[in-house]
Amino acid sequence: MSSTRWTAGDVPDQHGRVAVVTGANTGLGFETAKVLAARGAAVVLAVRDVEKGAAAASRMGGDVSVQRLDLSSLTSVREAAEAVRGRHPRIDLLVDNAGVMYTPRRTTQDGFELQFGTNHLGHFAFTGLLLDALLPVPGSRVVVVSSVAHRVRAAIHFDDLQWERSYSKVAAYGQSKLANLLFTYELQRRLAAHATSTIAVAAHPGISNTELVRHTPAPVRALMDRLGNVLTQPAAMGALPTLRAATDPAVLGGQYFGPSGAGEARGYPRQVASSDQSHDLAVQRRLWTVSEELTGVTFPV
């Protein structure tokens, strides 16, 4: 698979395809949805703030609709999935993009630590509730957006998943992003065993200058403001690994895409490697079981 300067111009025609993108009102999700809509896809912006979603849709053009989705509420996740399936019984692409990063310790409406509950459990449930609409569709895909942070102080703390004994916002974010990859790889294995052409793929944006960094420590934000053009890349570039994972015909299930530059911080998208920990089969299966128990969502595969 070539990694030479793959750009938004390489996204194939998307007419006739339905794409659902979470967190699509700003940043990486906005750029991802905008390109998909420009290529002809019917795009659903699944967002927490519908007013911001409508404003984002108005800047895209094409066949774009807005669906309220608060990933920190399993009630909202179920309502959103039901509404999306009611309008789109056939879905070609689900992009699990939304996320929160380095937040102070807070819990979701269901009592989960906010980063784990939003970044992993919310997407796990949303994907499980929509998967029946993807399975019959030839070439359908689930793309899960992870992060280079899946290597940073990252582990699945099964003895304290919700960080009730102590809390590190950096380690909690790392846990959630590692969970994204563990989920993707276990989902792909289950899809492959189900004899469907639906695949699960992961991507990460490198270090992109988006609203997601607003909770990073002040010295880090100051450094990024001063050296942003050197250390980070624009959201439009950061969205390219997701777009490649979502649309490149050569992509295979279980692959992982990120920027091609040093440290995978910047650059054009290519297939990259994830940590050894993310490929631990026992951890993948245990996390899956726990996620089903916590969300009450079981998958059709």
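Hydrogens, waters and symmetry mates play no part in the numbers below; they use all other heavy atoms, side chains included. Since we're looking at a predicted model, the values are computed, not measured.
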>> I'd like to know if the side chain of Gln14 and the backbone of Arg17 have a donor-acceptor N/O pair within less than 3.5 Å.
In response: no
>> Parallel, tilted or perpendicular, judged at 30° and 60°: which one describes the rings of His120 and Phe124?
In response: tilted
>> I'd like to know if the side chain of Gln284 reaches the main chain of Ser278, judged simply by a donor and an acceptor atom lying under 3.5 Å from each other, with no hydrogens or angles considered.
In response: yes
> Can you check whether Trp288 and Phe299 have ring centres sitting under 6.0 Å from each other?
Replying inline: yes
>> Checking the side chain of Gln255 only, and the main-chain atoms of Ala202 only, is there a donor and an acceptor separated by less than 3.5 Å?
In response: no
> With no hydrogens and no angle check, is any side-chain donor or acceptor of Thr289 less than 3.5 Å from a backbone partner on Arg285?
Replying inline: yes
> Between Tyr256 and His204, what is the ring plane arrangement, given parallel below 30°, perpendicular above 60°, and tilted in between?
Replying inline: tilted
>> Donor-acceptor check, side chain of Asp63 to backbone of Val43, threshold 3.5 angstrom: yes or no?
In response: no
> Is the side chain of Asn97 donor-acceptor paired with the backbone N or O of Val145 at a distance under 3.5 Å, no angle test?
Replying inline: no
> What are the two closest heavy atoms between Val170 and Tyr102, and how far apart are they?
Replying inline: CA-CE2, 3.7 Å
> Shortest non-hydrogen contact from Ser76 to Asp70?
Replying inline: OG-N, 2.8 Å
>> Could you tell me if Asn180 and Ser146 have a donor-acceptor pair between their side chains, going purely by distance under 3.5 Å?
In response: no
>> List the residues meeting side chain to side chain donor-acceptor pair (under 3.5 Å) with Arg165, not counting sequence neighbours, and say none if there are none.
In response: Asp159
>> Quick check: closest heavy atoms across Leu134 and Ser140, and the distance to 0.1 Å?
In response: O-OG, 2.7 Å
> Is Glu82 salt-bridged to Arg78, cutoff N-O under 4.0 Å?
Replying inline: no
> What are the two closest heavy atoms between Leu287 and Ile156, and how far apart are they?
Replying inline: CD1-CG2, 4.2 Å
> Which heavy atom in Gly117 sits nearest to a heavy atom in Phe112, and how many Å separate them?
Replying inline: CA-CB, 3.9 Å
> Distance-only, no hydrogens or angles: does the Arg244 side chain make a donor-acceptor pair with backbone N or O of Val251 under 3.5 Å?
Replying inline: no
> Between Arg39 and Ala8, which heavy-atom pair has the shortest distance, and what is it?
Replying inline: NH2-O, 2.7 Å
>> Is it the case that the side chain of Gln175 and the backbone of His157 share a donor-acceptor pair, with hydrogens and angles ignored and the cut-off at 3.5 Å?
In response: yes
> Does a donor on one side chain and an acceptor on the other come within less than 3.5 Å for Ser168 and Arg153?
Replying inline: yes
> Does atom CG of Asp13 have more than 12 heavy-atom neighbours, drawn from other residues, nucleotides or ligands, at distances under 6.0 Å?
Replying inline: yes
> Does any N or O in the side chain of Asp280 come within less than 3.5 Å of the main-chain N or O of Gln277, such that one atom is a donor and the other an acceptor?
Replying inline: no
>> Quick one: does any side-chain atom of Arg141 pair with a main-chain N or O of Ala200 as donor and acceptor, under 3.5 Å?
In response: no
Please tabulate, for the side chains in residues 28-36, all donor-acceptor contacts under 3.5 angstrom to protein atoms that are two or more places apart in sequence or on a different chain.
| from | atom 1 | to | atom 2 | distance (Å) |
| --- | --- | --- | --- | --- |
| Glu31 | OE1 | Lys34 | NZ | 3.4 |
| Thr32 | OG1 | Leu28 | O | 2.8 |

>> Would you call the rings of His279 and Tyr185 parallel, tilted or perpendicular, taking 30° and 60° as the class edges?
In response: parallel
>> Please report whether the ring centroid of Phe183 lies less than 6.0 Å from that of His123.
In response: no
